[in-house]
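Worksheet: the structure to be examined is printed underneath.
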Amino acid sequence: MEEKQKVTAMEFDKLMDYRNDFPGFTRQMGMKVTEISDGFARVEMDIDEKSANPIGSVHGGVIYALADTAGGVAATSKGSFVTTVTGNINYLNPAIGVKKLIATTRELKVGKNVLVYDVSITDEKERSIAEARMTFYSLHKEVIL
């Protein structure tokens with residue numbers, strides 16, 4: 001039996017596989033983590049009619065969930081599981097007729113308990129869709145893969 005290891009900078013690929021294989025909400029939504037490094041994540045989501053609101057734009061809740069997921073993955077890259085404390089999002093352009101949304105993070109703060117990330121959401125043409133600031137609380141439970 002293989003011994004489980006704590007996530008280190010050299011094992012971001014294992015964390016990415018874990019996140020992408022986990023049969024939870026993000027997988028059900030079709031989100032895929034495509035890059036992880038120390039304090040950074042990129043999460044992509046193919047868009048179809050299930051993501052639309054009545055005006056034909058991607059539903060704001062879908063965009064928020066993508067921002068929350070990307071921020072959470074970036075925070076988890078620090079080696080501990082986290083939970084969301086709060087998030088603010090500004091929707092900058094309607095996501096009408098888009099095929100893909102891409103979320104990328106920028107680390108702002110890593111404290112003993114609180115981690116803060118800015119998340120940019122763009123479409124496949126690099127048009128800005130939303131900007132979010134997400135705050136997470138460390139559960140102080142090591143990520144073991």
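Hydrophobic clustering, with ILVMFWY side chains joined whenever heavy atoms are under 4.5 angstrom apart, groups Ile47 together with Ile121. Cluster membership check: Ile129 shares its hydrophobic cluster with Met29, using side-chain heavy-atom separations under 4.5 Å among Ile, Leu, Val, Met, Phe, Trp and Tyr. Under a hydrophobic-cluster definition in which Ile, Leu, Val, Met, Phe, Trp and Tyr are linked whenever side-chain heavy atoms come within less than 4.5 Å, directly or via other members, Ile63 and Ile102 are assigned to different clusters. If you chain together hydrophobic residues whose side chains sit under 4.5 Å apart, Val43 and Leu108 never meet in one group.
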Enumerate donor-acceptor pairs with a distance under 3.5 Å from any side-chain N or O in residues 16-23 to protein atoms, sequence neighbours excluded.
| residue | atom | partner | partner atom | Å |
| --- | --- | --- | --- | --- |
| Asn20 | OD1 | Val33 | N | 2.7 |
| Asn20 | ND2 | Met16 | O | 3.3 |
| Asn20 | ND2 | Val33 | O | 2.9 |

For residues 82-98, run the donor-acceptor check on the side chains, cut-off 3.5 Å, and write out each pair with its distance to 0.1 Å, sequence neighbours left out.
| residue | atom | partner | partner atom | Å |
| --- | --- | --- | --- | --- |
| Thr84 | OG1 | Asp68 | OD1 | 2.6 |
| Tyr91 | OH | Gly60 | O | 2.9 |
| Asn93 | ND2 | Ser128 | O | 2.7 |

Do any side-chain atoms of residues 109-117 form donor-acceptor pairs under 3.5 angstrom with protein atoms, and if so which ones, sequence neighbours left out?
| residue | atom | partner | partner atom | Å |
| --- | --- | --- | --- | --- |
| Asn113 | OD1 | His140 | NE2 | 2.6 |
| Tyr117 | OH | Glu107 | OE2 | 2.9 |

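Contact of the Val119 side chain with the Thr104 side chain is not registered, since no non-hydrogen atoms from C-beta on lie closer than 4.5 Å. For the pair Thr76 and Phe136, the minimum side-chain heavy-atom distance is 4.5 Å or more. Side chains of Lys14 and Phe12 form no contact here, defined as non-hydrogen atoms less than 4.5 Å apart. Counting only heavy atoms from C-beta outward, the side chains of Leu101 and Val58 approach each other to under 4.5 Å.
Residues that satisfy the side chain to side chain donor-acceptor pair (under 3.5 Å) test with Ser57, not counting sequence neighbours, are absent from this structure. Under the side chain to side chain donor-acceptor pair (under 3.5 Å) criterion, Ser120 pairs with Glu131, not counting sequence neighbours. Residues satisfying the side chain to side chain contact (heavy atoms under 4.5 Å, CB included) criterion with Asp46, sequence neighbours excluded, are Lys100. Applying the salt bridge (Lys or Arg N to Asp or Glu O under 4.0 Å) criterion to Arg27, with sequence neighbours excluded, gives no partner residue. Residues forming a side chain to side chain donor-acceptor pair (under 3.5 Å) with Thr135 (at least two apart in sequence, or on another chain): none.
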When you look at Ile36 and Arg42, which way does the side chain to side chain contact (heavy atoms under 4.5 Å, CB included) test go after all the steps?
CA-CA 7 Å; Ile36 301 175; Arg42 178 182 170 108; over 6 Å; no

From CA spacing to verdict: side chain to side chain contact (heavy atoms under 4.5 Å, CB included), Asp38, Lys78
CA-CA 6 Å; Asp38 185 28; Lys78 302 311 250 183; 2.8 Å; yes

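A distance of 10.5 Å separates OG1 of Thr69 from OH of Tyr64, quoted to the nearest 0.5 Å. For the atom pair Arg106 CZ and Arg133 CZ, the distance stands at 7.0 Å (nearest 0.5 Å).
Sorted by first then second residue, the salt bridge (Lys or Arg N to Asp or Glu O under 4.0 Å) pairs that include residues 49-63, not counting sequence neighbours, are Asp48-Lys50.
Not one N or O on the side chain of Ser80 forms a donor-acceptor pair closer than 3.5 Å with the backbone of Glu142. In this structure, the side chain of Thr26 does not engage the main chain of Met31 through any donor-acceptor pair within 3.5 Å. Using a distance-only test at 3.5 Å, with no hydrogens or angles considered, a donor-acceptor pair links the side chain of Ser77 to the main chain of Gly39.
What you find for Ala41 and Ala74 is that their closest heavy atoms are CB-N, 3.7 Å.
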